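First comes the structure, then the notes that go with it.
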Amino acid sequence: MLEAEALLGGHMDLGLKGKVAIVAASSKGMGKAAAMGLAAEGARVTMLARGETDLGNAAQEVRERWRAEVLAVPADVTRYDDVKRVVRETVARWGTVNILVSNAGGPPPGVFDDMDDARWQSAFELNLLSTVRLVREVLPHMRRAGGGAIINLQSISVKTPVDNLILSNSIRSGVIGLAKSLSLELAKDRIRVNNVLPGLIMTDRQRQMLTVWGQRLGKSFEETKRLREAEVPLGRIGDPEDVAGMIVFLASDRARYITGVTVQVDGGLVRSIM
Ligand SMILES: NC(=O)c1ccc[n+]([C@@H]2O[C@H](COP(=O)([O-])OP(=O)(O)OC[C@H]3O[C@@H](n4cnc5c(N)ncnc54)[C@H](OP(=O)(O)O)[C@@H]3O)[C@@H](O)[C@H]2O)c1
């Protein structure tokens, strides 16, 4: 099997050279891998996250790995002023926005009885309203550029509820509805809108989830990981690069006739036929 890194920087021209991409929540995990993947194809990338140090390091890594043009903007996607600033600084630097990868941290775990209104409101702001605002801010630039690609990173929880994640199971479906409506409304502007649903992907977030699961089951991290891997038909927890590959493809001209779709990248975990 290819090393995860080798999946980046392939030989098929994806038409991404010089394109301007904003990748939200990209100092770690799948956001960072998506920024790497787009940079590997020659895109200019704005990376953002709240923690400045991790963001600065991640941006530097992408720059050095691909001699890429990278702008790092510390920002919280739940703050509208931050979202506006990210888009403003991107356009000030490169003149436009061609690609948006909408991403954020995951909402906290828990069941219905754990959640008061404040938690529901925060999950709405983190995972749905952030997407609305990012899209609103990039739209004028994509329209002026004559097209664009929007990719929402969500979760397989929109296809099959994940235990103990009621906020994700509920709020993320709204993004899928939003994206489908947008794909119809924006098709005339040649702006494509698609969703990517990760299954089990080894990131900080997944390490935390495995730790919590392990504690509930009274098992070690390694044992819990093996149990989860056994649930995945392809037999392993995915790498962030596995998800980035789909994001890069959907952002590219190779996907120019694809809009309004929702694709899981989950090693076969979701059992539904559609
Ligand atoms: N890993 C999985 O198996 C899996 C599966 C399905 C869905 N997902 C979802 O996919 C998304 C990405 O997950 P991941 O596993 O790649 O996470 P991760 O490795 O924990 O990285 C999360 C990234 O998001 C940034 N971030 C978090 N909250 C933010 C905010 N309010 N504003 C801006 N940036 C923010 C973090 O940086 P700062 O904290 O410094 O801001 C970090 O760069 C999450 O929504 C997660 O729930 C993950």
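Whatever order the structure lists ligands and atoms in, that order sets their numbers, starting from 1. Just so we're clear, the structure is a prediction, and the values are computed from it rather than from any experiment. When reading the values below, keep in mind they use all heavy atoms of this one structure, side chains included, and skip hydrogens, waters and symmetry mates.
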*Are any of the N/O atoms in Gly105 less than 3.5 Å from those in ligand 1?*
yes

_Arg205: numbered ligand 1 atoms lying under 4.0 Å from its heavy atoms_ = 15 (O), 17 (O), 20 (O), 46 (C), 47 (O)

*Would you mind listing which atoms of ligand 1 come within a distance below 4.0 Å of any non-hydrogen atom of Leu200?*
3 (O)

_As an exercise, identify every atom of ligand 1 less than 4.0 angstrom from a heavy atom of Asn103._
11 (C), 12 (C)

*Close-contact set for ligand 1 against Leu126 heavy atoms, below 4.0 Å*: 31 (N)

*Do ligand 1 and Ala104 have nitrogen or oxygen atoms that lie under 3.5 Å from each other?*
yes

*Give a yes or no on whether the backbone of Val23 and the side-chain of Ser26 come within a donor-acceptor separation of less than 3.5 Å.*
yes

*Looking only at N/O atoms, are Gly51 and ligand 1 under 3.5 Å apart anywhere?*
yes

_Selected option - heavy-atom contact closest to atom 2 (C) of ligand 1, from Gln206, Arg79, Met202_ = Gln206

*Please say whether Leu48 places an N or O atom under 3.5 Å from an N or O atom belonging to ligand 1.*
no

_Among residues at least two apart in sequence or on other chains, which ones pass side-chain contact (heavy atoms from CB on, under 4.5 Å) with Lys84?_
Tyr80, Arg88, Glu137

_Protein contact of atom 8 (N) of ligand 1 - nearest heavy atom, named by residue and atom, plus distance_ = Met30 CE, 3.9 Å

*Backbone N or O of Val70 within a donor-acceptor pair of the Arg63 side chain at under 3.5 Å?*
yes

*Is any side-chain heavy atom of Thr78 less than 4.5 Å from a side-chain heavy atom of Ser130?*
no

_Against ligand 1, does Arg172 come closer than 4.0 Å with any heavy atom?_
yes

*So which heavy atom in the protein is nearest atom 28 (N) of ligand 1, and how far is it from that ligand atom?*
Arg50 NH2, 3.2 Å

*ligand 1 contact by Ser157, heavy-atom criterion under 4.0 angstrom*: no

*Output yes when a side-chain donor or acceptor of Arg254 lies under 3.5 Å from a complementary backbone atom of Asp13, and no otherwise.*
yes

_Test of understanding: with side chain to side chain donor-acceptor pair (under 3.5 Å), list the residues that count as partners of Glu52, not counting sequence neighbours._
none

*Is there a donor-acceptor pair under 3.5 Å between the side chain of Asp54 and the backbone N or O of Gly51?*
no

*Report the part of Val77 in contact with ligand 1, treating N, CA, C, O as backbone and CB onward as side chain, heavy atoms under 4.0 Å; options are side chain, backbone, both, neither.*
both

*To which protein heavy atom is atom 15 (O) of ligand 1 closest, and what is the distance rounded to 0.1 Å?*
Thr203 OG1, 2.5 Å

*Does Asp76 have a heavy atom less than 4.0 Å from any atom of ligand 1?*
yes

*Could you list the atoms of ligand 1 found under 4.0 angstrom from a heavy atom of Asp204?*
19 (O), 20 (O)

*Identity and distance of the protein heavy atom lying nearest atom 21 (O) of ligand 1*: Lys28 CB, 3.6 Å

_Closest protein heavy atom (residue, atom, distance) for atom 5 (C) of ligand 1_ = Gly199 O, 2.9 Å

*Does any N/O atom on Pro198 come nearer than 3.5 Å to any N/O atom on ligand 1?*
no

_Distance filter under 4.0 Å to Ala75 heavy atoms, resulting ligand 1 atoms_ = 32 (N), 33 (C)

*Would you say ligand 1 has an N or O under 3.5 Å from any N or O of Ser27?*
yes

*Answer whether the closest heavy-atom distance between the side chains of Ile150 and Arg192 falls below 4.5 Å.*
no

*Side-chain heavy atoms of Lys225 within contact of Ser220, under 4.5 Å*: no

*May I ask you to list the atoms of ligand 1 that are less than 4.0 angstrom from any heavy atom of Gly29?*
16 (O), 19 (O)

*May I ask whether Gln154 has any heavy atom positioned less than 4.0 angstrom from an atom of ligand 1?*
yes

_Among all the protein's non-hydrogen atoms, which is closest to atom 23 (C) of ligand 1, and how far away is it?_
Ala25 O, 3.6 Å

*Would a 4.5 Å heavy-atom cut-off, applied to side chains only, mark Leu197 and Val158 as touching?*
yes

